[in-house]
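The figures here come from the full heavy-atom set of this structure, side chains too, leaving out hydrogens, waters and symmetry mates. First listed ligand is number 1; within each ligand, the first listed atom is number 1.
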Amino acid sequence: MGPPGAGKGTQGELLAEHLGVPRLSTGDMLRDARANQTDLGRRAERYMDAGELVPDQVILGMVAEALDGPEPLEGFILDGFPRTIPQAEGLGELLEKRGTPLDAVVFLTVPEDELVRRLTGRSAQEHRTDDDPETVRRRIQVYRAETEPVIRSCLESGVRVVRADGVGSIDEIQRDLRGQLGL
Ligand code: ADP
C-alpha cells in the first residue's frame, strides 16, 4: 500500500520475483482491460482519467476472478488493492473463504511534493492518461480520503504491517523491505 507514485509497482514486482509468485496490480488489470476495450475496460475509463476510483464491485469482481479463476493462485502480491474500506472487507471475505490469510501488509511512505514530482515527470515517458498535474492531485486526495483509512484499519486489526521509507534507491528500499519481512 502507499500513495500513487510511491513505487508500489516497482517494489511489488521485485518482491514477487524474489518469492516466485505473481503480482496482481488492479491498475495494470484495468489498463489491460481498457487497451482491449472489454466491457469492464470501457466502464473503468472515465474514472481512471479523472483520478477517481473505479466502483468497488467492479474491482472486487476482477480480483475474485484473478484469485479464483481457471487457475487458482496460492501465493500472490496485491498491488493497488484494497483501496477502500469496502474493498478491504470484500478481500477479507474472499481470503477467509479460500483459507489464505494475508501474511503482511507493506506500506510505502513518500512526502507529497516528491509524489507530485515523480508522477508529473513520468507522464512523458509512460504516457499514462492520468498523470497530468490536476489529475495527480486528485489521485492523491482520493488516496488520503479513501485508502489511508484502510491502513489504519489494518493497524487496528492486528495484521502484520511493515512500513518502509519509499525515498531512496530501488535496491535500498527492496533490501529494507526484505529485511523487515524476513525474506
Ligand atoms: P496509482 O496508484 O499510481 O494511482 P494505479 O495504476 O494503481 O495507479 O491505478 C490507476 C487508476 O486505476 C486509479 O486512479 C483508479 O482509477 C484505478 N484503480 C486501480 N486500482 C483500483 C482499486 N483497487 N479500486 C478502484 N480503482 C482502482
Side-chain angles (χ1 to χ4, degrees), residues 1-16 22-68 73 76-95 102 105-154 164 166-167 170 173:
M1 310 209 41
K8 300 181 295 285
T10 306
Q11 297 299 331
E13 192 55 37
L14 290 170
L15 278 180
R23 164 180 151 260
L24 302 179
S25 155
T26 46
D28 286 352
M29 289 186 226
L30 291 168
R31 278 183 289 276
D32 279 352
R34 280 183 78 162
N36 295 319
Q37 283 290 295
T38 65
D39 282 351
L40 189 150
R42 274 195 288 265
R43 276 183 73 188
E45 254 165 14
R46 62 193 168 97
Y47 298 100
M48 299 174 76
D49 288 345
E52 302 294 338
L53 295 179
V54 174
D56 290 332
Q57 287 315 315
V58 175
I59 299 287
L60 279 166
M62 195 175 74
V63 172
E65 171 72 23
L67 292 182
D68 293 317
L73 297 178
F76 44 83
I77 290 195
L78 297 172
D79 170 3
F81 170 88
R83 240 176 166 93
T84 65
I85 292 282
Q87 288 181 21
E89 288 170 355
L91 175 65
E93 283 165 26
L94 274 175
L95 296 180
L102 287 185
V105 174
V106 174
F107 171 37
L108 285 175
T109 60
V110 174
E112 185 148 336
D113 54 348
E114 170 69 12
L115 295 175
V116 174
R117 221 179 357 256
R118 288 183 185 182
L119 291 167
T120 51
R122 92 178 165 190
S123 57
Q125 299 145 21
E126 292 184 19
H127 301 291
R128 269 180 58 162
T129 50
D130 57 354
D131 280 346
D132 63 283
E134 197 185 322
T135 312
V136 161
R137 274 192 292 276
R138 181 64 193 148
R139 282 158 59 201
I140 295 173
Q141 256 176 13
V142 168
Y143 171 79
R144 303 264 181 251
E146 303 284 341
T147 310
E148 280 187 350
V150 178
I151 299 173
R152 283 196 289 277
S153 93
C154 290
V167 182
I170 291 175
I173 298 166

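- Among residues two or more places apart in sequence or in another chain, the salt bridge (charged side-chain N to carboxylate O under 4.0 Å, His left out) test is passed with Glu45 by Arg34.
- Here the closest non-hydrogen pair linking Met1 and Pro82 is CE-O, 3.5 Å.
- More than 12 heavy atoms of other residues, nucleotides or ligands lie within 6.0 Å of CG in Leu73, so this atom counts as buried by the packing criterion.
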Dump the intermediate steps for salt bridge (Lys or Arg N to Asp or Glu O under 4.0 Å) on Glu134 and Arg137, then the final yes or no. CA-CA 5 Å; Glu134 197 185 322; Arg137 274 192 292 276; over 6 Å; no
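- The list of salt bridge (Lys or Arg N to Asp or Glu O under 4.0 Å) pairs with a residue in residues 52-68, not counting sequence neighbours, reads Glu52-Arg138, Asp68-Arg98.
- Among residues two or more places apart in sequence or in another chain, the salt bridge (charged side-chain N to carboxylate O under 4.0 Å, His left out) test is passed with Arg31 by Asp28.
- Within 4.0 Å of ligand 1, protein heavy atoms belong to Pro4, Gly5, Lys8, Thr26, Gly27, Leu30, Arg31, Met48, Glu52, Leu53, Val54, Ile59, Gly80, Phe81, Arg83, Gln87, Arg122, Arg128, Asp130, Arg139, listed by chain and number.
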